[in-house]
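Heads up: the structure comes next, in structure tokens.
Letters A, B, ... are given to chains in the order of the sequence lines, protein chains preceding strands, and every chain is numbered from 1. Note: hydrogens, waters and symmetry copies are ignored here, and every other heavy atom, side chains too, is used.
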2 protein chains.
Amino acid sequence: MTSTSAESIMDAAAHLIERDGVEAFTMRGLADRLGVAVTSIYWHVGGKDALFDRLVERLLGELANLPADGSSPVERIASLARNQRRVLIDRQHLLAIAHERDRTPMLFLPIQQTLAAQLAELGVTGTDAALVLRAIQVHVISSAVMQFSAVRGAKHDEEDPSLWTDDWPDRELVRALQSPTDYDAVFDYGLDALVAPLRDRRQPSGSSEY
Amino acid sequence: MTSTSAESIMDAAAHLIERDGVEAFTMRGLADRLGVAVTSIYWHVGGKDALFDRLVERLLGELANLPADGSSPVERIASLARNQRRVLIDRQHLLAIAHERDRTPMLFLPIQQTLAAQLAELGVTGTDAALVLRAIQVHVISSAVMQFSAVRGAKHDEEDPSLWTDDWPDRELVRALQSPTDYDAVFDYGLDALVAPLRDRRQPSGSSEY
DNA sequence: ACCTGAACACCGTTCAAGT
DNA sequence: ACCTGAACACCGTTCAAGT
């Protein structure tokens, strides 16, 4: 009764990828998992490309209607960014697929409108708003894309100590750089810097700059 | 006289990847290009993994000794970041390889020391310096990693206009978001925000905060 | 020391054939 | 409408064999 519908195939694929990673995924492996001939997958969802495209669509769905908590526009923008990031980190493998299929720009879309509304409340509009909006989006998505790869890389190789001369004065810095990167802290630092210029903004009293 | 040394194999591989992309690269294709049997490549440089590792090493070499122009520490930090970014964009395909092999953290290393020196001039040391340093590095590398994928993606698909209701008040914003992203501008905006907190810093008069 | 061809174990995908 | 097995054109890699 493993009714081999398109939807249940996608579920199995997502599960397999989540467990073994994208690079370990094969059509034949998926077919085995489903107890089905490979070719039957082609009938239901199409080839690997179509299957991955559908997975990205799923991720896009999860990104829609994210909550924006906070009592001020700036706080809501930061909240939105953090919530988007959380989903992307939770769905690392789907994010990796979106990346390698050149679909990362689509990840902008789901929260674009909400972000724009919050910026409008701050009086940020037009090309200014577009720039800020994209800067935030690139920060969220690109740092998530890289974190995934970076964290996996950190498990294998030891630090290269030869790059630091032993007489470098700031021992605390050297020690900090030798311990693994806290990507959450790095992300928050960057996000805070990005929204800082928005903090001393008038409410929509007009559009005066300077 | 195409002396098939390890070095000339790497040159050919880099050229092929630069021209046709990473995903189009095959061992057999490289062998054809060199007018040689596939197996001979294995003797000189090893398998595909070893070959890609060497390419990343090359990229690391290019990242060493980047110039840091500017009359103040903050300007030199920004200059360093921009120069690193330029190399990464120029070597997009090698960056993509480094990314998919989980080697992006290694790209931090070549300019880490120079960056630390400039931060020290500003009185930023210890764990503070480590955080700022990593925030800058993540900004440079991750945005470059993503830009590559995003720009290629933008060529295929048209914008999805259904997401913007026609009565959205800010027409200028909608128009700006429909035109392709200017990643240079987005990068500069982010970099500027990241170094902004460093601008109102004392010279190494001490370590007083607040 | 260097290069080769044959062979192996994998891929994704197509297609004619079944029910 | 749904599922199958066989077959094709590719991969990366190993290894015994040549010179």
Side-chain atoms of B:Trp43 come closest, of C:dT14, C:dC2, D:dG12, to C:dC2
Atom CG of A:Leu34 to atom C1' of D:dC3: distance rounded to whole Å?
13 Å
According to the interplanar angle, ranging from 0 to 90°, do the rings of B:His99 and A:His99 count as parallel (below 30°), tilted (30 to 60°) or perpendicular (above 60°)?
perpendicular
Partner nucleotide, any strand, of D:dT19 [Watson-Crick/G-U, under 3.5 Å]
C:dA1
Find the distance B:Lys48:NZ to D:dT13:P and express it as a whole number of Å.
8 Å
Separation of D:dC10 P from B:Glu23 CD (nearest whole Å)
17 Å
Considering only heavy side-chain atoms of A:Met27, the closest of C:dT13, D:dG5, C:dC2 is C:dT13
Less than 3.5 Å apart, any donor N or O on the side chain of A:Gln137 or A:Gln112 sitting next to an acceptor on the other?
no
Heavy atoms, side chains only, cut-off 4.5 Å: are A:Pro67 and A:Asn83 in contact?
yes
B:Glu7/B:Arg58 salt bridge by N-O under 4.0 Å criterion:
yes
Of all the choices, C:dG5, D:dT4, C:dT13, which nucleotide is nearest to the side chain of A:Arg28 once you look at every atom?
C:dT13
Nucleotide paired to D:dT14 in any strand shown, Watson-Crick or G-U, under 3.5 Å:
C:dA6
Between P of C:dC11 and CG of A:Asp49, the distance in whole Å
17 Å
Write down the distance between CG (A:Leu30) and C1' (C:dC11), rounded to a whole number of angstrom.
14 Å
Looking only at N and O atoms, is any donor in the side chain of B:Thr26 or the base of D:dG12 less than 3.5 Å from an acceptor on the other one?
no
Salt-bridge criterion met for A:Asp182 and B:Arg134 (N-O under 4.0 Å)
no
If I take atom CG in residue A:Leu51 and atom C1' in nucleotide C:dT13, what distance separates them, rounded to the nearest angstrom?
14 Å
So which one's nearest nucleotide on DNA chain D is more toward 5', B:Tyr42 or A:Ser40?
A:Ser40
Quick one: A:Asp53 CG to C:dG12 C1', roughly how many Å, whole number?
16 Å
Out of D:dC2, D:dT4, C:dG5, whichever nucleotide has its closest atom nearest the side chain of A:His44:
D:dC2
